[in-house]
Asks: 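This is the structure I have questions about; it appears just below.
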Amino acid sequence: MNTFERIYEIVKQIPGGKVATYGQIASLAGNPRLARVVGYALHVNPEPDEIPCFRVVNRNGCTSKAFAFGGEDHQRMMLELDGVIFTDDGRVDLDKCLWDGNVNTVKIEKSSDITEE
DNA sequence: CGAGTGACAGGAC
DNA sequence: TGTCCTGCCACTC
């Protein structure tokens, strides 16, 4: 599987009420340095209906302005509806809403749920 | 085919 | 603690 495909699968594995950082996804993708590729992957976002790019934030806990696919506030609303806590800084509370999929939740590398080739 | 850019992250100052 | 430079992979010109 290509790195791109892997990134997509990981992002799709993000549960509601939680968010993940580019670096985190990059680590799951194989290399923590792939953070840039992660951003690019979400940038193209071939399946926005399956890929919750709004759940992906940078290390600061916020998304870039270029991420304004429908308004920065729109993203915040989506996250709040998911149960994600926002700080007064207007950023995601990574301390409580950070996805712990890096521990032992995700396992797409062997999962046959991919069905994509 | 080669160089540059991009929704980032991490180390150094 | 905050800002700047570098590293990485994929895509475009």
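Each chain gets a letter, A, B and so on, in the order its sequence line appears, and its residues count up from 1.
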Asks: Keeping to residues at least two apart or across chains, list the salt bridge (charged side-chain N to carboxylate O under 4.0 Å, His left out) pairs with something in residues 25-38 of chain A.
Replies: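 Listed once each, the pairs would be none.
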Asks: Connecting only ILVMFWY residues whose side-chain heavy atoms lie within less than 4.5 Å of each other, what is the rest of A:Leu81's hydrophobic cluster?
Replies: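 A:Leu81 clusters with A:Met77.
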Asks: So do A:Trp99 and A:Val19 actually touch side chain to side chain, heavy atoms under 4.5 Å?
Replies: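 Heavy-atom side-chain distance check fails, nothing below 4.5 Å.
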Asks: Which whole-number value in Å describes the distance from A:Ile25 CD1 to B:dG6 P?
Replies: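 Taking atom P of B:dG6 as the reference, CD1 of A:Ile25 is at 21 Å.
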Asks: Quick one: A:Arg55 CZ to B:dA7 C1', roughly how many Å, whole number?
Replies: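 After rounding, the reported distance stands at 17 Å.
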Asks: Could you name each residue pair satisfying side chain to side chain donor-acceptor pair (under 3.5 Å) that touches residues 76-87 of chain A, not counting sequence neighbours?
Replies: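 Every pair satisfying side chain to side chain donor-acceptor pair (under 3.5 Å) with a residue in residues 76-87 of chain A: A:Arg55-A:Asp82.
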Asks: Quick one: ring pair (Phe, Tyr, Trp, His ring centres under 6.0 Å) partners of A:Tyr8, sequence neighbours excluded?
Replies: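 Residues passing ring pair (Phe, Tyr, Trp, His ring centres under 6.0 Å) with A:Tyr8: A:Phe4.
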Asks: What is the per-nucleotide protein-contact pattern of nucleotides 7-13 of chain C, from the 5' end, where B denotes a base atom under 4.0 Å from a protein heavy atom, S denotes such proximity for sugar-phosphate atoms only, and - denotes neither?
Replies: BBBSS--
Asks: Quick one: side chain to side chain contact (heavy atoms under 4.5 Å, CB included) partners of A:Ser27, sequence neighbours excluded?
Replies: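 Listed in chain order: A:Pro32.
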Asks: Is A:Thr21 near enough to B:dC8 that one of its side-chain N or O atoms lies under 4.0 angstrom from OP1 or OP2?
Replies: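 A:Thr21 to B:dC8 OP1/OP2: no side-chain N or O under 4.0 Å.
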Asks: Can you tell me the distance, in whole Å, between the CD atom of A:Gln24 and the P atom of B:dA7?
Replies: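 Answer to the nearest Å: 21 Å.
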Asks: CD1 of A:Ile7 versus P of B:dC8: gap in Å, rounded?
Replies: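 Those two atoms, CD1 and P, are 13 Å apart.
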Asks: Whole-Å distance between B:dA7 P and A:Leu42 CG?
Replies: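 Taking atom P of B:dA7 as the reference, CG of A:Leu42 is at 12 Å.
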Asks: According to the Watson-Crick and G-U wobble definition with distances under 3.5 Å, which dot-bracket string, read 5' to 3', encodes DNA chain B, using [ ] for crossing pairs and | for pairs with another strand?
Replies: .|||||.||||||
Asks: Using the side chain to side chain contact (heavy atoms under 4.5 Å, CB included) criterion, which residues pair with A:Cys62? Sequence neighbours excluded.
Replies: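 A:Asn58, A:Asn60, A:Arg91.
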Asks: According to salt bridge (charged side-chain N to carboxylate O under 4.0 Å, His left out), does anything in residues 13-30 of chain A pair up with another residue at least two apart or in another chain? List the pairs.
Replies: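 Output for this query lists A:Lys18-A:Asp100.
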